[in-house]
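Indexing begins at 1, ligand by ligand and atom by atom, following the structure's order.
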Amino acid sequence: MRQELVEPIAQLKRQRHAVILAHNYQVGEVQDIADYTGDSLGLSRQAASTDADVIVFCGVHFMAETAAILSPAKTVLLPDLHAGCPMADMLTAEQLRALKAQHPGAAVVCYVNSTAEVKAESDCCCTSANAVQVVQSFPADREILFVPDQYLGDHVMQMTGRRLILWPGYCPTHARILDTQIARLRQAYPGAVVLAHPECPRPVRAAADHVLSTGGMLRVVRESAAGEFIVATEIGMLHRLRKDNPGKVFHGVSDVAVCPNMKRIRLDNVLWSLQEMRHPIRVPEDIRVKALRAIERMLKIPGG
Ligand code: 13P
Ligand code: SF4
């Protein structure tokens with residue numbers, strides 16, 4: 001950790017009455033200075049409940065946007081405006097409106113990895129931690145459009161036995177992980193438990209012992225008697241798993257499972273963000289109010 005940046009960040013944080021929230025895929029040096037590090041659901045809950053004036057969001061744009069939707073009176077800062085999510089950009093509100101027109105009466109469940117405009121067109125949001133419970137909260141005979149992640153949607157179909165209308169979006173980082181890599185690692189480390197994120201394609205999920213959100217992975221590892229794990233998700237997760245479980249061994253499945261957007265945030269721009277109060281993330285009020293309904297409905301559903 002670049003120590004010379006840590007103290008000024010802490011000082012400014014106190015001065016601004018700020019809190020630093022970081023996703024589990026952030027680089028280690030950022031995770032280590034955060035007040036809270038977690039998965040998308042945990043971060044949303046933190047953003048909704050914090051009494052800080054300023055939230056420095058170390059993650060990607062849709063996460064900061066979700067915090068701004070939940071806490072409009074607070075200043076939400078994203079240290080790099082280019083930290084986006086290609087999956088969220090695979091579905092526009094216009095495309096979703098066209099899909100809804102083809103399926104009148106269908107409910108829309110949208111993964112939080114989506115724009116505020118898409119959330120505003122949706123009935124309920126979900127994260128990878130609660131997608132199954134969110135879908136099950138709708139009557140069994142209700143048609144559901146699940147957007148934008150086809151692989152998470154496919155996972156929910158497998159878990160619930162329900163047929164969902166899927167949008168063909170995907171995470172380019174998780175799509176790089178291959179089932180053949182898992183097979184090789186299983187041979188090299190027999191006895192290791194395999195964890196995969198639901199954003200992975202079906203063959204990768206099928207090769208895993210557990211399919212979980214990043215928060216779910218932390219819970220399972222903590223509670224497991226096993227000492228060795230093979231981890232199929234973005235590589236930032238390994239820092240968190242190793243830090244929380246110093247006695248256990250973790251093997252990342254793929255060196256190329258890197259989300260370049262998550263890596264845009266570093267201590268340098270976290271400090272700059274607090275100094276200059278950049279970049280504030282705001283959502284137009286008409287969109288915010290509609291998107292908030294979908295997020296609040298999700299937060300009321302137990303699970304995850
Ligand atoms: P979770 O941490 O909620 O599992 O999300 C993974 C992800 O890809 C966030 O962009
Ligand atoms: Fe988007 Fe995938 Fe990066 Fe998550 S890991 S922010 S889903 S591109």
> Which atoms from ligand 1 have a heavy atom of Met63 less than 4.0 Å away?
Replying inline: 9 (C), 10 (O)
> What protein heavy atom sits nearest atom 5 (O) of ligand 1, and how far away is it?
Replying inline: Ser40 OG, 3.5 Å
> Are the aromatic ring centres of His251 and Tyr189 under 6.0 angstrom apart?
Replying inline: yes
>> Just so I know, are the side chains of Leu195 and Asp209 near enough to count as touching, which here means a heavy-atom distance under 4.5 Å?
In response: no
> What atoms of ligand 2 come closer than 4.0 angstrom to any heavy atom of Glu199?
Replying inline: 2 (Fe), 7 (S)
>> Out of all atoms in ligand 1, which are within 4.0 Å of some heavy atom of Glu199? Include the element for each.
In response: 6 (C), 7 (C), 8 (O)
>> Quick test of your reading of the model: are Asp35 and Lys13 salt-bridged, counting only N-O distances below 4.0 Å?
In response: yes
> Side chain or backbone of Thr214 under 4.0 Å from ligand 1, or both, or neither, by non-hydrogen atoms?
Replying inline: both
>> When you compare the side chain of Met87 with that of Asp149, does any pair of heavy atoms fall below 4.5 Å?
In response: yes
>> Under 4.0 Å from a heavy atom of His197: which atoms of ligand 1 are those, numbered in the order shown and with their elements?
In response: 1 (P), 4 (O), 5 (O), 6 (C)
> What protein N/O/S atoms sit under 2.8 Å from atom 3 (Fe) of ligand 2, by chain and number?
Replying inline: Cys259 SG
>> According to salt bridge (Lys or Arg N to Asp or Glu O under 4.0 Å), who are the partners of Arg293, at least two apart in sequence or on a separate chain?
In response: none
>> So if I count the atoms of ligand 1 from 1 in the order they appear, which ones are less than 4.0 Å from some heavy atom of Asn113?
In response: 8 (O), 9 (C), 10 (O)
> How about Tyr25 and Thr214: do any of their side-chain heavy atoms sit closer than 4.5 Å?
Replying inline: yes
>> Under a 4.0 Å threshold between the charged nitrogen and the carboxylate oxygen, would Asp286 count as salt-bridged to Lys290?
In response: no
> Pro148 and side-chain contact (heavy atoms from CB on, under 4.5 Å): which partner among Leu166, Leu96, Leu91?
Replying inline: Leu91
> Under 3.5 Å, N or O to N or O, is His23 touching ligand 1 that way?
Replying inline: yes
>> Only heavy atoms of Ser213, strictly under 4.0 Å: list the atoms of ligand 1 that pass.
In response: 4 (O)
> Has Ser128 got any heavy atom lying under 4.0 angstrom from an atom of ligand 1?
Replying inline: yes
> Using 4.0 Å as the upper bound for N to carboxylate O, is an ion pair formed by Arg16 and Glu276?
Replying inline: no
> What residue among Val193, Asp244, Leu241 forms side-chain contact (heavy atoms from CB on, under 4.5 Å) with Val221?
Replying inline: Leu241
>> I'd like to know if Arg97 and Glu94 make a salt bridge, using a cut-off of under 4.0 Å between side-chain N and carboxylate O.
In response: no
